[in-house]
Amino acid sequence: MTADHLAWAFLPTVSLGAALLHLAGRIAMPVFCFLLAEGAAHTRHAGRYAFRLAGCALLSAIPYSLLVSGTPLGAPFSAAYTLLLSLAALRCIRSSLDPLVRVMLLIPLLFFSQFGDWGIYAVGWCVLFSLVQERQLCGVLFLLLTLCNTARFALPLIGTADPFTLFCEAGIQLGSLLALPLIFRCNGRRRRPGRGVQFLEYLYYPLHLALIDLFLF
(Lines give C-alpha, C1' and ligand atoms only; values in the text may rest on other atoms or scores of the structure.)
Protein backbone atom coordinates (compact mmCIF):
# COMPACT_ATOMS: atom_id res chain seq x y z
CA MET A 1 0.00 0.00 0.00
CA THR A 2 2.68 2.48 1.00
CA ALA A 3 4.81 1.48 -1.99
CA ASP A 4 1.81 2.08 -4.24
CA HIS A 5 1.21 5.58 -2.87
CA LEU A 6 4.89 6.49 -3.01
CA ALA A 7 4.99 5.49 -6.67
CA TRP A 8 1.94 7.63 -7.51
CA ALA A 9 3.46 10.57 -5.66
CA PHE A 10 7.08 10.55 -6.77
CA LEU A 11 7.57 8.43 -9.90
CA PRO A 12 6.37 8.81 -13.50
CA THR A 13 3.45 6.48 -14.10
CA VAL A 14 5.05 5.02 -17.22
CA SER A 15 8.31 3.77 -15.73
CA LEU A 16 9.65 0.40 -14.65
CA GLY A 17 10.20 1.50 -11.06
CA ALA A 18 6.64 2.74 -10.68
CA ALA A 19 5.23 -0.41 -12.29
CA LEU A 20 7.10 -2.67 -9.87
CA LEU A 21 5.99 -0.66 -6.84
CA HIS A 22 2.40 -0.64 -8.09
CA LEU A 23 2.45 -4.40 -8.63
CA ALA A 24 3.56 -4.85 -5.02
CA GLY A 25 1.07 -2.28 -3.78
CA ARG A 26 -1.86 -4.02 -5.47
CA ILE A 27 -1.51 -6.82 -2.90
CA ALA A 28 -2.81 -4.65 -0.07
CA MET A 29 -6.47 -4.12 -0.95
CA PRO A 30 -7.42 -7.79 -1.49
CA VAL A 31 -5.77 -8.60 1.84
CA PHE A 32 -7.73 -5.80 3.53
CA CYS A 33 -10.92 -7.14 1.95
CA PHE A 34 -10.18 -10.63 3.25
CA LEU A 35 -9.46 -9.32 6.75
CA LEU A 36 -12.65 -7.26 6.65
CA ALA A 37 -14.69 -10.32 5.68
CA GLU A 38 -13.12 -12.28 8.53
CA GLY A 39 -13.62 -9.43 10.97
CA ALA A 40 -17.25 -8.93 9.98
CA ALA A 41 -17.91 -12.63 10.50
CA HIS A 42 -16.32 -12.85 13.95
CA THR A 43 -16.64 -9.45 15.60
CA ARG A 44 -18.95 -9.17 18.59
CA HIS A 45 -19.07 -5.40 18.27
CA ALA A 46 -20.06 -4.53 14.70
CA GLY A 47 -20.85 -0.97 15.70
CA ARG A 48 -17.37 -0.40 17.11
CA TYR A 49 -15.84 -1.98 14.01
CA ALA A 50 -17.81 0.39 11.77
CA PHE A 51 -16.94 3.35 14.01
CA ARG A 52 -13.20 2.64 13.69
CA LEU A 53 -13.47 2.35 9.92
CA ALA A 54 -15.51 5.55 9.73
CA GLY A 55 -12.92 7.38 11.80
CA CYS A 56 -10.13 6.11 9.54
CA ALA A 57 -12.11 7.19 6.46
CA LEU A 58 -12.69 10.69 7.86
CA LEU A 59 -9.05 11.15 8.85
CA SER A 60 -7.93 9.92 5.42
CA ALA A 61 -10.33 12.00 3.34
CA ILE A 62 -8.26 15.18 2.97
CA PRO A 63 -4.78 13.56 2.81
CA TYR A 64 -5.97 11.05 0.20
CA SER A 65 -7.71 13.71 -1.86
CA LEU A 66 -4.58 15.88 -1.83
CA LEU A 67 -2.52 12.93 -3.05
CA VAL A 68 -4.76 11.87 -5.94
CA SER A 69 -6.33 15.18 -7.03
CA GLY A 70 -4.24 17.96 -5.52
CA THR A 71 -7.34 19.39 -3.82
CA PRO A 72 -8.52 18.84 -0.23
CA LEU A 73 -12.01 17.61 -1.14
CA GLY A 74 -11.92 15.71 -4.40
CA ALA A 75 -12.88 12.24 -5.56
CA PRO A 76 -12.32 9.34 -5.38
CA PHE A 77 -12.47 8.82 -1.64
CA SER A 78 -9.96 6.61 0.14
CA ALA A 79 -9.90 2.85 0.48
CA ALA A 80 -11.12 3.21 4.07
CA TYR A 81 -14.35 4.73 2.72
CA THR A 82 -14.78 1.78 0.34
CA LEU A 83 -14.11 -0.73 3.11
CA LEU A 84 -16.70 0.98 5.31
CA LEU A 85 -19.32 0.55 2.58
CA SER A 86 -18.13 -3.04 2.10
CA LEU A 87 -18.72 -3.72 5.79
CA ALA A 88 -22.22 -2.29 5.47
CA ALA A 89 -22.83 -4.52 2.45
CA LEU A 90 -21.71 -7.63 4.35
CA ARG A 91 -23.92 -6.78 7.32
CA CYS A 92 -26.82 -6.28 4.93
CA ILE A 93 -26.25 -9.61 3.17
CA ARG A 94 -25.99 -11.52 6.45
CA SER A 95 -29.02 -9.82 8.01
CA SER A 96 -32.40 -11.46 8.48
CA LEU A 97 -34.17 -8.81 6.44
CA ASP A 98 -36.46 -9.72 3.59
CA PRO A 99 -34.39 -10.48 0.43
CA LEU A 100 -36.05 -7.65 -1.49
CA VAL A 101 -35.21 -5.19 1.28
CA ARG A 102 -31.59 -6.39 1.27
CA VAL A 103 -31.36 -5.83 -2.49
CA MET A 104 -32.84 -2.35 -2.12
CA LEU A 105 -30.21 -1.54 0.51
CA LEU A 106 -27.34 -3.02 -1.48
CA ILE A 107 -28.05 -0.99 -4.60
CA PRO A 108 -27.17 2.41 -3.05
CA LEU A 109 -24.17 0.90 -1.28
CA LEU A 110 -22.81 -0.38 -4.59
CA PHE A 111 -23.56 2.95 -6.24
CA PHE A 112 -21.76 5.03 -3.63
CA SER A 113 -18.83 2.60 -3.60
CA GLN A 114 -17.96 3.90 -7.09
CA PHE A 115 -16.83 7.15 -5.48
CA GLY A 116 -14.18 5.30 -3.47
CA ASP A 117 -10.80 3.81 -4.28
CA TRP A 118 -11.26 0.33 -5.84
CA GLY A 119 -15.01 0.88 -5.94
CA ILE A 120 -17.35 -2.02 -6.58
CA TYR A 121 -14.44 -4.46 -7.03
CA ALA A 122 -13.43 -4.09 -3.38
CA VAL A 123 -17.02 -4.69 -2.31
CA GLY A 124 -17.09 -7.74 -4.59
CA TRP A 125 -13.91 -9.15 -3.06
CA CYS A 126 -15.30 -8.68 0.46
CA VAL A 127 -18.54 -10.45 -0.45
CA LEU A 128 -16.57 -13.21 -2.20
CA PHE A 129 -14.31 -13.87 0.79
CA SER A 130 -17.31 -13.78 3.10
CA LEU A 131 -19.59 -16.16 1.20
CA VAL A 132 -17.34 -18.54 -0.77
CA GLN A 133 -15.42 -20.96 1.44
CA GLU A 134 -14.27 -23.42 -1.25
CA ARG A 135 -10.80 -22.23 -2.20
CA GLN A 136 -10.73 -23.29 -5.84
CA LEU A 137 -14.02 -21.55 -6.61
CA CYS A 138 -12.96 -18.53 -4.58
CA GLY A 139 -9.73 -18.34 -6.57
CA VAL A 140 -11.53 -18.51 -9.92
CA LEU A 141 -14.03 -15.83 -8.95
CA PHE A 142 -11.24 -13.67 -7.55
CA LEU A 143 -9.39 -14.01 -10.85
CA LEU A 144 -12.49 -12.98 -12.82
CA LEU A 145 -13.05 -9.90 -10.67
CA THR A 146 -9.38 -8.93 -10.99
CA LEU A 147 -9.50 -9.33 -14.79
CA CYS A 148 -12.63 -7.16 -14.94
CA ASN A 149 -10.91 -4.52 -12.83
CA THR A 150 -7.88 -4.63 -15.15
CA ALA A 151 -10.09 -4.41 -18.24
CA ARG A 152 -11.75 -1.17 -17.09
CA PHE A 153 -8.32 0.49 -17.18
CA ALA A 154 -7.08 -1.28 -20.30
CA LEU A 155 -10.02 -0.91 -22.69
CA PRO A 156 -9.81 2.91 -23.05
CA LEU A 157 -6.09 2.60 -23.88
CA ILE A 158 -6.20 -0.21 -26.44
CA GLY A 159 -5.26 1.12 -29.85
CA THR A 160 -3.79 4.35 -28.50
CA ALA A 161 -1.09 3.24 -26.04
CA ASP A 162 2.06 1.21 -26.61
CA PRO A 163 2.37 -2.13 -24.75
CA PHE A 164 4.60 -0.75 -21.98
CA THR A 165 2.26 2.16 -21.30
CA LEU A 166 -0.67 -0.24 -21.31
CA PHE A 167 1.08 -2.39 -18.74
CA CYS A 168 2.04 0.57 -16.53
CA GLU A 169 -1.43 2.08 -16.53
CA ALA A 170 -3.61 -1.05 -16.61
CA GLY A 171 -1.56 -4.24 -16.31
CA ILE A 172 -0.40 -3.27 -12.83
CA GLN A 173 -3.89 -4.17 -11.60
CA LEU A 174 -2.93 -7.82 -12.10
CA GLY A 175 -0.67 -7.43 -9.09
CA SER A 176 -3.80 -8.07 -7.01
CA LEU A 177 -3.43 -11.75 -7.92
CA LEU A 178 -0.26 -11.86 -5.82
CA ALA A 179 -2.43 -11.48 -2.73
CA LEU A 180 -4.21 -14.79 -3.23
CA PRO A 181 -1.38 -17.10 -2.02
CA LEU A 182 -1.06 -14.95 1.12
CA ILE A 183 -4.78 -15.09 1.76
CA PHE A 184 -4.96 -18.85 1.26
CA ARG A 185 -2.10 -19.33 3.73
CA CYS A 186 -4.29 -17.92 6.49
CA ASN A 187 -4.76 -20.62 9.12
CA GLY A 188 -7.93 -19.19 10.61
CA ARG A 189 -6.33 -18.14 13.88
CA ARG A 190 -7.69 -14.90 15.24
CA ARG A 191 -5.18 -12.31 16.41
CA ARG A 192 -6.20 -10.18 19.36
CA PRO A 193 -4.10 -6.99 19.31
CA GLY A 194 -4.11 -4.63 22.27
CA ARG A 195 -6.09 -1.42 22.03
CA GLY A 196 -2.94 0.62 21.53
CA VAL A 197 -1.73 -1.57 18.66
CA GLN A 198 -5.18 -1.55 17.08
CA PHE A 199 -5.32 2.24 17.29
CA LEU A 200 -1.94 2.55 15.58
CA GLU A 201 -3.02 0.15 12.83
CA TYR A 202 -5.98 2.38 11.96
CA LEU A 203 -3.92 5.55 12.34
CA TYR A 204 -1.16 4.39 9.99
CA TYR A 205 -3.27 4.79 6.84
CA PRO A 206 -4.12 8.50 7.19
CA LEU A 207 -0.76 9.26 8.77
CA HIS A 208 1.36 7.88 5.92
CA LEU A 209 -0.83 9.75 3.40
CA ALA A 210 -0.34 13.01 5.34
CA LEU A 211 3.44 12.51 5.41
CA ILE A 212 3.53 11.96 1.64
CA ASP A 213 1.47 15.12 1.17
CA LEU A 214 3.96 17.08 3.29
CA PHE A 215 6.77 16.14 0.91
CA LEU A 216 4.62 16.91 -2.14
CA PHE A 217 3.27 20.27 -1.06
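The residues of the chain are indexed from 1 along the displayed sequence. Predicted, not measured: the structure shown is a model, and the values here were computed from it.
- Side-chain contact check for L105 versus L97: some heavy-atom pair is nearer than 4.5 Å.
- Taken together through direct or relayed side-chain contacts under 4.5 Å among Ile, Leu, Val, Met, Phe, Trp and Tyr, V101 and L90 form parts of separate hydrophobic clusters.
- With T43 contributing its side chain and A40 its backbone, the two residues share no donor-acceptor pair below 3.5 Å.
- Atoms CD1 and CZ, on I93 and R102 in that order, are 8.5 Å from each other to the nearest 0.5 Å.
- The structure places CG of L174 at 8.0 Å from CG of L23, a figure rounded to the nearest 0.5 Å.
- Going from atom CZ of F129 over to atom SG of C138 covers 5.0 Å, rounded to the nearest 0.5 Å.
- In this structure, M29 and M1 have side chains that are not in contact, with every pair of non-hydrogen atoms separated by 4.5 Å or more.
- L11 has its side chain within reach of L21: a pair of non-hydrogen atoms, C-beta onward, lies under 4.5 Å apart.
- For the pair V68 and W8, the minimum side-chain heavy-atom distance is 4.5 Å or more.
- Between P12 and A18, the shortest heavy-atom distance links the atoms O-CB, 3.2 Å.
- Once rounded to the nearest 0.5 Å, the distance linking CD1 of I183 with CD of E38 reads 10.0 Å.
- One N or O on the side chain of S69 and one on the backbone of S65 form a donor-acceptor pair closer than 3.5 Å.
- Side-chain contact check for P163 versus F167: every heavy-atom pair is 4.5 Å or farther apart.
- In this structure, the side chains of L141 and L145 stay at 4.5 Å or more apart for every pair of heavy atoms.
- Side-chain atoms of S176 come within 3.5 Å of backbone atoms of Q173 as a donor-acceptor pair (strictly under, hydrogens ignored).
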Check the pair V123, L109 against side-chain contact (heavy atoms from CB on, under 4.5 Å), reporting the backbone distance first and the verdict last.
CA-CA 9 Å; V123 181; L109 288 173; over 6 Å; no
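- Counting only distance, with no hydrogens or angles, the side chain of H5 and the backbone of T2 share no donor-acceptor pair below 3.5 Å.
- The shortest heavy-atom contact between C33 and A122 is SG-O, 3.5 Å.
- M104 and F112 sit in two unconnected hydrophobic clusters of ILVMFWY residues. Membership requires side-chain heavy atoms under 4.5 Å apart, directly or through other members.
- Under the 4.5 Å side-chain heavy-atom criterion for grouping Ile, Leu, Val, Met, Phe, Trp and Tyr, L209 is connected to L73 within one hydrophobic cluster.
- Interatomic distance, CD1 of I120 versus CZ of R152, reported as 10.0 Å (0.5 Å rounding).
- S60 places no side-chain N or O within 3.5 Å of a backbone atom of A57 that could act as its donor or acceptor partner.
- The nearest pair of heavy atoms linking G175 to I27 is O-CG1, 3.9 Å.
- No donor-acceptor distance shorter than 3.5 angstrom exists from the side chain of Y205 to the backbone of S78, with no hydrogens or angles considered.
- Between N149 and T146, the side chains place no donor N or O within less than 3.5 Å of an acceptor N or O (distance only, hydrogens not considered).
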Run the side-chain contact (heavy atoms from CB on, under 4.5 Å) test on L67 and D213 for me, step by step, so that the C-alpha distance in whole Å, both residues' side-chain angles and the decisive distance to 0.1 Å come before the verdict.
CA-CA 6 Å; L67 176 63; D213 288 337; 3.7 Å; yes
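- In this structure, the side chain of R135 engages the main chain of F184 through a donor-acceptor pair within 3.5 Å.
- To the nearest 0.5 Å, the span separating CG on L84 from CZ on R52 amounts to 12.0 Å.
- Tracing side-chain contacts under 4.5 Å through hydrophobic residues (I, L, V, M, F, W, Y), one never reaches L20 starting from L166; they form parts of separate clusters.
- Checked against a 6.0 Å centroid threshold, the rings of F115 and F77 do not count as neighbours.
- Looking at L36 and F32, their side chains never come closer than 4.5 Å, going by heavy atoms from C-beta outward.
- Two residues are said to be in side-chain contact when any heavy atoms from C-beta on lie closer than 4.5 Å; L83 and L87 fail this criterion.
- Sorted by first and then second residue, the side chain to side chain donor-acceptor pair (under 3.5 Å) pairs with a member in residues 104-123 read Y64-D117; sequence neighbours excluded.
- Within the structure, every pair that satisfies the side chain to side chain donor-acceptor pair (under 3.5 Å) test and touches residues 79-98, not counting sequence neighbours, is listed here: R94-S130.
- Closest non-hydrogen pair, I212 versus A9, comes out as CG2-CB, 3.6 Å.
- The two atoms that bring W125 and P30 nearest to each other are CZ3-CG, 3.7 Å, heavy atoms only.
- Shown here is E134, whose CD atom has more than 12 heavy atoms of other residues, nucleotides or ligands within 6.0 Å.
- Between T13 and C168 the shortest heavy-atom distance is O-CB, 3.5 Å.
- Residue-environment remark: CZ (F51) stays at or below the threshold of 12 foreign heavy atoms within 6.0 Å.
- Under the 4.5 Å side-chain heavy-atom criterion for grouping Ile, Leu, Val, Met, Phe, Trp and Tyr, L203 is not connected to L58 through any hydrophobic cluster.
- When hydrophobic side chains of Ile, Leu, Val, Met, Phe, Trp and Tyr are connected at separations under 4.5 Å, F153 ends up as a singleton with no cluster partners.
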